[in-house]
Amino acid sequence: ERSRFSGRSSPGCGGSALGRGCQEMSGRRIAALAALAAAALWSPAVAVDRSKFRTCEQGSFCRRFKAWIQRPQREEALWSVLPATKAVQSDGGFAFQVKHKNEAEAHLALTVNLYASGVVRFRLNEIAAQYTRHVIPAGDVVLEPP
């Protein structure tokens, strides 16, 4: 068979116009591709032992998350900033206490800093933390105002 583009014979058919050799070769290729596709589809289905994987009901995170999204009044806020606890910080920022609706007292402190560049920095930490968090040094991420 001659190629449309170069006028030369196509490789693999020996110059004959779809002779017996070319038909056998294409038949072998199709059979090989079909066998490869069947093996690829069959192997993953047979190789997986599903008993070694946990289901969602067996995982604690999944159980808690399902309970969380199915709770009544999902649109109601669980956390609130207590405006009466507003305190002005020495660096010009503001501090507030944050309380969960099911807590007797607030245990989180929210610090808000406003910068001349338009950056607003929020930091939320525990009020009486058992372990202190790493505090990013001043000027490392947000430059302090002049």
Side-chain angles (χ1 to χ4, degrees), residues 1-83 85 89 91-145:
E1 166 179 295
R2 298 230 176 240
S3 172
R4 292 184 284 177
F5 302 108
S6 66
R8 297 182 186 162
S9 297
S10 297
C13 290
S16 65
L18 291 175
R20 180 176 168 89
C22 188
Q23 288 176 348
E24 285 178 16
M25 188 179 299
S26 65
R28 287 182 192 160
R29 284 184 184 165
I30 291 172
L33 287 174
L36 183 63
L41 292 174
W42 178 258
S43 296
V46 175
V48 175
D49 182 8
R50 299 208 180 266
S51 67
K52 294 185 179 181
F53 294 97
R54 291 193 305 178
T55 63
C56 187
E57 289 74 28
Q58 294 170 328
S60 63
F61 172 79
C62 187
R63 283 194 309 266
R64 288 191 312 264
F65 182 69
K66 280 186 174 183
W68 172 260
I69 62 173
Q70 294 173 353
R71 72 185 193 284
Q73 296 108 12
R74 266 185 37 189
E75 304 303 318
E76 181 181 326
L78 296 176
W79 296 90
S80 60
V81 175
L82 304 175
T85 62
Q89 300 290 307
D91 61 358
F94 300 98
F96 298 92
Q97 290 184 0
V98 179
K99 180 184 173 298
H100 190 275
K101 75 174 195 167
N102 295 330
E103 290 178 331
E105 294 184 25
H107 78 274
L108 294 177
L110 172 67
T111 307
V112 180
N113 292 93
L114 308 168
Y115 296 95
S117 63
V119 173
V120 179
R121 185 179 196 182
F122 294 94
R123 289 179 276 188
L124 189 64
N125 290 307
E126 291 179 290
I127 293 172
Q130 184 177 5
Y131 302 102
T132 59
R133 290 180 182 249
H134 171 73
V135 177
I136 298 172
D140 192 20
V141 176
V142 177
L143 298 177
E144 298 297 327

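Keep in mind that this is a model prediction, so the values were computed, not measured.
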For this session: Using the test ring-ring contact (aromatic ring centres under 6.0 Å, His included), find all partners of His100 that sit at least two apart in sequence or belong to another chain.
Result: Trp79
Seminar exercise, completed: The side chain to side chain contact (heavy atoms under 4.5 Å, CB included) partners of Arg133 (sequence neighbours excluded) come to Asn125
Problem set entry | Residues forming a side chain to side chain contact (heavy atoms under 4.5 Å, CB included) with Tyr131, sequence neighbours excluded | none
For this session: Can you sort out the partners of Val81 under side chain to side chain contact (heavy atoms under 4.5 Å, CB included), two or more places apart, ordered by chain and number?
Result: Phe96, Val98, Leu110
Seminar exercise, completed: Residues passing the side chain to side chain donor-acceptor pair (under 3.5 Å) test with Arg54, sequence neighbours excluded, are none
Problem set entry | salt bridge (charged side-chain N to carboxylate O under 4.0 Å, His left out) contacts touching residues 92-106 (sequence neighbours left out) | Glu76-Lys101
Seminar exercise, completed: Gln58 and Phe53 have their tightest heavy-atom pair at OE1-O, 4.1 Å
Exercise. Does any non-hydrogen side-chain atom of Asn113 lie less than 4.5 Å from one of Arg123?
Worked result: yes
Problem set entry | For Thr132, all residues meeting side chain to side chain donor-acceptor pair (under 3.5 Å), sequence neighbours excluded | none
Seminar exercise, completed: With sequence neighbours left out, the residues meeting side chain to side chain contact (heavy atoms under 4.5 Å, CB included) with Val120 are Val112, Leu114, Phe122
Problem set entry | Value rounded to 0.5 Å, distance of OG1 in Thr111 from CG in Asp91 | 8.0 Å
For this session: Enter the distance from Cys56:SG to Phe61:CZ here, rounded to the nearest 0.5 Å.
Result: 9.0 Å
Problem set entry | Qualifying residues under side chain to side chain donor-acceptor pair (under 3.5 Å), relative to Arg63, sequence neighbours excluded | none
